[in-house]
Asker: 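Input: one structure, supplied below.
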Amino acid sequence: TKVIPSLVYWFIGDPAQAQEAMEDPSLDRVMTGFDFKFFVQSTIWSVKDLDKEVKDGIWFPAAVSKEVLFKSRDRMGTQKAKPLWTEIMELMGGEFQTIKDKFYEES
């Protein structure tokens, strides 16, 4: 696990280990695929390019708790979880809530 302070969490995992965890009867609770986060694409910017895109309002930096970041996002059950982006924009409030509302209005 590598953590870059105040920037991003970076985890490297093995899907086979996730599968083993889902089948492990010794765990406190049953785990599902929604308990794991795997990302298959990355985007890399130069520092200047990312700064410009943040200033241009393309990206919105956010400080997010690990509880929000790693919350199970099971959207198949009766209590559907919000997508991560939606929840973060709502938690940030103000203009970010407005941007989120406008995005869904146009969808």
Side-chain angles (χ1 to χ4, degrees):
T1 303
K2 179 180 180 185
V3 178
I4 302 170
S6 303
L7 183 58
V8 69
Y9 284 97
W10 178 266
F11 295 91
I12 298 173
D14 179 353
Q17 289 176 326
Q19 183 66 40
E20 289 172 13
M22 288 189 291
E23 297 169 355
D24 187 344
S26 69
L27 296 176
D28 293 341
R29 65 178 183 81
V30 175
M31 299 187 91
T32 72
F34 292 105
D35 292 306
F36 301 91
K37 310 285 187 238
F38 291 97
F39 304 93
V40 295
Q41 184 177 357
S42 66
T43 303
I44 299 171
W45 297 267
S46 73
V47 174
K48 290 179 183 178
D49 289 340
L50 182 56
D51 284 343
K52 181 180 181 327
E53 289 188 11
V54 169
K55 286 177 188 168
D56 290 345
I58 296 169
W59 297 101
F60 308 111
V64 181
S65 72
K66 63 183 176 187
E67 289 78 19
V68 169
L69 188 60
F70 296 110
K71 179 194 288 185
S72 177
R73 300 282 164 188
D74 182 349
R75 292 187 293 252
M76 313 264 291
T78 56
Q79 294 187 341
K80 297 178 178 166
K82 292 179 184 176
L84 178 61
W85 180 84
T86 302
E87 184 170 353
I88 291 171
M89 294 295 277
E90 289 175 358
L91 289 168
M92 290 169 56
E95 68 178 296
F96 302 104
Q97 174 76 36
T98 303
I99 291 166
K100 190 267 319 174
D101 292 344
K102 184 173 167 87
F103 175 80
Y104 282 113
E105 199 175 88
E106 294 175 359
S107 297

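Residue numbers start at 1 and run along the sequence shown. Since we're looking at a predicted model, the values are computed, not measured.
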Asker: Would K55 and D51 pass as an ion pair if we require N to O under 4.0 Å?
Answerer: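 So K55 does not pair with D51 through a salt bridge.
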Asker: Under 3.5 Å, side-chain donor or acceptor atoms of residues 84-94 against the rest of the protein: list the pairs with distances, not counting sequence neighbours.
Answerer:
unit_1	atom_1	unit_2	atom_2	d
T86	OG1	Y104	OH	2.5
E87	OE1	K71	NZ	3.1
E87	OE1	R73	NH1	2.8
E87	OE1	R73	NH2	3.2
E87	OE2	K71	NZ	3.0
E90	OE1	K82	NZ	2.4
E90	OE2	K100	NZ	3.1

Asker: Quick one: does any side-chain atom of D56 pair with a main-chain N or O of I58 as donor and acceptor, under 3.5 Å?
Answerer: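 Not confirmed, D56 side chain does not pair with I58 backbone.
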Asker: Applying the 4.5 Å side-chain criterion to the ILVMFWY set and letting contacts propagate, would M22 and L27 be lumped into a single cluster?
Answerer: yes
Asker: Using a distance-only test with no angle check, is there a side-chain donor-acceptor pair under 3.5 angstrom linking S46 and D49?
Answerer: yes
Asker: Mind checking whether F60 and V54 have side chains closer than 4.5 Å, heavy atoms only?
Answerer: no
Asker: Could you grab the distance from atom CD of Q17 to atom CD of Q19, nearest 0.5 Å is fine?
Answerer: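 Between atom CD of Q17 and atom CD of Q19 there are 12.0 Å.
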Asker: Around atom CH2 of W59, are there more than 12 heavy atoms of other residues, nucleotides or ligands at under 6.0 Å?
Answerer: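 Check fails, neighbour count at 12 or below.
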